[in-house]
Amino acid sequence: MTHSRSASGRLERRLRRWTEQVREGALPRREFIARLGALGVSAPTAGFLLLDAGVAQAAPAFDYKPAKRGGGGTLKLLEWQAPTLLNPHFATGLKDNTGSRIFYEPLAQWDADGNLVPVLAAEVPSRANGGLAADGKSVLWRLKKGVTWHDGAPFTADDVLFNWQYAIDTAAATVTIGNYRGLKLEKVDAHTVRVVFDKPSPFWPGLYSQTFLIPRHLFAPYVGGKSRDAPNNLRPVGTGPYRFQEFKPGDLLRAELNPTYHLPHRPFFDRLEMKGGGDATSAARAVLQTGEYDYAGSLLVEDDVLRRMEAGGKGRVELTTGSSTSAVYLNVCDPAQEVDGERSHPKTRHPAFSDPAVRRAMGLLVDRASFQAFIYGRQGVATHYFINQPARYRGSAPAPEFSIEKARQVLDAAGWKPGADGVREKGGRKLSFLFQGAIGSVTQKLQSAYKATAEKAGIRIELKAVPSAVFFSSDVGNPDTYGKFYADMQTYNWTNNSPDPDGMAQSFVSWEACSKANKWLGNNLVRLQLSEYDALYRASETELDPIKRAALFVRMNEMVTADGHVIPFLARSTTRCFGAKIRAPLSAWQNDMAMLPDWYREA
């Protein structure tokens with residue numbers, strides 16, 4: 001304990017010394033970020049430490065060259081996982097967030113260099129400008145003046161407060177309710193909002209400042225239980241660089257230049273077209289080989305295939321690494337049992353996965369090294385932790401081994417014996433599972449590899465491939481969504497658009513468990529319910545000491561890994577491709593459309 005305190009003290013003194021050197025100009029900001037990176041601290045977290053200390057933000061590194069708005073023709077985008085609705089408060093997964101971000105904007109967002117940059121805010125709150133309270137219990141946000149919604153109505157503090165009230169209304173069952181947990185908003189004047197925390201907040205930007213804001217004057221008649229009936233759920237009216245023209249859910253989205261956009265000389269393109277459908281491989285081909293499109297996102301394609309396409313010179317692949325994890329999820333609940341008209345009800349328990357021995361065996365059958373080497377390549381790194389970035393939140397437990405023989409031994413010891421058909425059983429129940437995932441060559445390759453391995457251990461797995469537009473949908477009437485989880489196992493990638501691990505950790509608190517009560521929009525899709533985990537998360541919400549807070553997240557991370565219902569296997573990079581002449585800044589902490597105002601095509 002003494003050694004730990006002395007080590008913490010040395011680290012704190014080093015950080016303070018380096019911070020002061022940056023303030024005085026003796027240490028370059030990039031060198032500061034590099035030094036903290038060597039200690040396992042991400043660029044955004046390093047940037048936040050400087051911001052909190054009153055050090056001015058770095059100037060944007062991207063050089064935007066166009067000298068006027070418009071004139072760029074049509075920007076053609078491909079999202080094979082196409083959006084199905086355009087209200088960010090109901091956006092499940094990346095596809096709907098991507099579509100929504102074209103039109104809607106947040107108060108602020110994180111750029112690639114770890115800067116919190118204002119979007120609808122006039123400036124980022126700091127101690128120097130009076131935005132941060134000394135006690136850590138409130139933040140003052142001054143809003144940009146002169147911003148209008150696409151229909152000409154002014155953007156004001158009333159809109160910011162409305163989004164908070166809209167999101168926290170339990171009858172609406174929004175996916176953003178957790179973004180506003182533990183705080184309230186107050187209107188100071190027409191262009192100033194105060195965020196008041198229940199308790200001192202260790203990470204004051206939170207998730208609320210990243211929430212895409214919708215207009216009060218159009219959505220106020222559709223709150224609570226009426227929220228799904230709003231016509232503007234499919235006809236967005238935002239503040240962003242492009243105005244809505246046409247939307248065919250799961251297929252086509254068209255937009256036009258916003259002539260009153262609040263940033264000068266932006267946007268460059270006159271029109272935008274986002275086409276959906278198909279698959280990731282054909283989307284990549286349409287950019288890298290045929291040059292028919294300017295961009296293809298959400299790519300999950302074998303790396304060797306991408307390299308062959310890229311060699312033609314018509315486009316390029318770009319990868320960013322933030323906090324994104326692919327995992328196999330074992331259902332905590334019983335998808336076959338119905339309670340109150342609901343399958344996979346949080347009150348039920350899975351008949352096989354409730355046995356820790358079965359979960360351990362399933363984990364032993366995940367060949368992380370092979371998944372990385374032969375399926376994902378440069379698009380990810382093998383991991384057994386759910387929170388992987390910033391690196392300091394990873395634990396120190398050794399990586400689980402891959403061993404079919406040990407899986408057999410674990411199941412033998414627990415009484416799961418092979419039956420006449422070779423499938424293990426116990427008490428009349430067989431180890432036979434339905435494993436679902438979204439349609440895509442990489443996902444199906446992963447599923448097939450796991451199925452083949454599991455069968456060698458006496459476990460039968462049936463594979464199910466669901467169209468992405470369905471799997472990631474928030475449609476409460478669809479039985480095949482990953483929120484419903486009407487299968488024994490499923491796999492998908494989970495992304496956190498913040499350098500703080502709170503968003504990732506929120507995925508396993510019991511009150512976020514998906515259920516009929518929250519229209520299956522809770523963040524806890526696997527329905528994990530661990531009282532100790534909940535207590536650690538609650539403690540992290542108020543712990544102001546960054547070292548102690550990091551220790552809480554490390555413990556949560558280790559707890560998820562040890563439990564066995566969640567089997568992380570890859571810290572994923574986000575992959576997309578661009579046409580050769582498209583210039584577009586990206587940030588690992590935002591979806592790609594966040595930087596859309598700065599995209600342009602070179603002559």
Side-chain angles (χ1 to χ4, degrees), residues 62-86 94-105 150-151 234-280 282-299 309-310 312-318 469 575-586 590-603:
F62 184 74
D63 181 19
Y64 181 77
K65 293 181 178 179
K68 68 172 186 175
R69 176 174 291 149
T74 301
L75 176 66
K76 300 185 70 176
L77 312 175
L78 268 176
E79 280 288 351
W80 66 282
Q81 296 180 10
T84 53
L85 62 76
L86 298 172
L94 185 61
K95 63 181 183 60
D96 293 335
N97 272 290
T98 298
S100 296
R101 188 60 182 86
I102 294 171
F103 307 100
Y104 295 115
E105 299 181 304
H150 292 155
D151 62 0
L234 299 176
R235 298 182 61 84
V237 175
T239 58
Y242 294 94
R243 300 187 303 195
F244 174 81
Q245 284 189 305
E246 180 186 6
F247 181 44
K248 298 177 181 178
D251 179 26
L252 180 67
L253 176 61
R254 286 197 177 102
E256 63 180 356
L257 173 150
N258 175 11
T260 61
Y261 189 55
H262 55 86
L263 289 177
H265 310 315
R266 294 167 176 84
F268 170 76
F269 296 98
D270 303 301
R271 294 166 297 279
L272 177 151
E273 177 184 301
M274 178 180 283
K275 188 72 175 73
D279 56 64
S282 62
R285 185 177 296 114
V287 176
L288 298 175
Q289 286 188 329
T290 70
E292 183 183 355
Y293 283 83
D294 299 305
Y295 162 92
S298 308
L299 297 182
M309 291 182 184
E310 200 175 12
K314 290 189 176 181
R316 67 188 183 278
V317 173
E318 292 202 13
T575 307
R576 79 285 288 163
C577 57
F578 290 99
K581 292 186 177 181
I582 297 295
R583 294 295 170 258
L586 299 169
Q590 302 294 334
N591 81 54
D592 287 354
M593 299 301 107
M595 305 290 192
L596 191 58
D598 289 332
W599 289 25
Y600 69 95
R601 180 185 285 114
E602 287 187 331

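Values below: all heavy atoms of this structure, side chains included; hydrogens, waters and symmetry mates excluded.
- Between K95 and E79 there is no salt bridge, since no side-chain nitrogen of the basic residue lies less than 4.0 Å from a carboxylate oxygen of the acidic one.
- R101 places a side-chain heavy atom less than 4.5 Å from the side chain of E105.
- In the displayed structure, R316 atom CZ is contacted under 6.0 Å by more than 12 heavy atoms of other residues, nucleotides or ligands.
- The shortest non-hydrogen separation linking D251 to A82 is N-CB, 4.2 Å.
- Looking at F247 and R235, their side chains never come closer than 4.5 Å, going by heavy atoms from C-beta outward.
- The heavy-atom pair separating P597 from L263 by the smallest distance is CB-CD1, 4.4 Å.
- Formation of a donor-acceptor pair under 3.5 Å by the R576 side chain with backbone atoms of A296 is not found in this model.
- Under the 30°/60° scheme for interplanar angles, the aromatic rings of Y295 and W599 are found to be tilted.
- A donor-acceptor pair is defined here as one N or O able to donate and one able to accept, closer than 3.5 Å; no such pair exists between the side chain of D294 and the backbone of G579.
- The shortest side-chain heavy-atom distance between E318 and F578 falls under the 4.5 Å cut-off.
- Looking at N258, its side chain never comes within 3.5 Å of a backbone N or O of Y242 through a donor-acceptor pair.
- Here the closest non-hydrogen pair linking Y64 and P267 is OH-C, 4.2 Å.
- Within the 4.5 Å cutoff, no side-chain heavy atoms of D592 are placed close to those of T98.
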Q) Is there a side chain to side chain contact (heavy atoms under 4.5 Å, CB included) between R285 and M309 once you walk through the steps? A) CA-CA 7 Å; R285 185 177 296 114; M309 291 182 184; 3.9 Å; yes
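- For the pair P241 and Y261, the tightest heavy-atom approach, listed with the atom from each and the gap, is N-CE1, 3.4 Å.
- Side-chain contact check for T74 and E273: no donor-acceptor pair (N or O, by modelled atom type) lies under 3.5 Å.
- In this structure, the side chain of H265 does not engage the main chain of K65 through any donor-acceptor pair within 3.5 Å.
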**Q.** Criterion side chain to side chain contact (heavy atoms under 4.5 Å, CB included) on F244 and L253, from CA distance to verdict
**A.** CA-CA 8 Å; F244 174 81; L253 176 61; 4.3 Å; yes
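- Looking at L299 and V317, their side chains never come closer than 4.5 Å, going by heavy atoms from C-beta outward.
- Between L288 and G315, the closest heavy-atom pair is CD2-C, 3.5 Å.
- The two residues L86 and Y104 come nearest to each other via the heavy atoms O-CE1, 3.3 Å.
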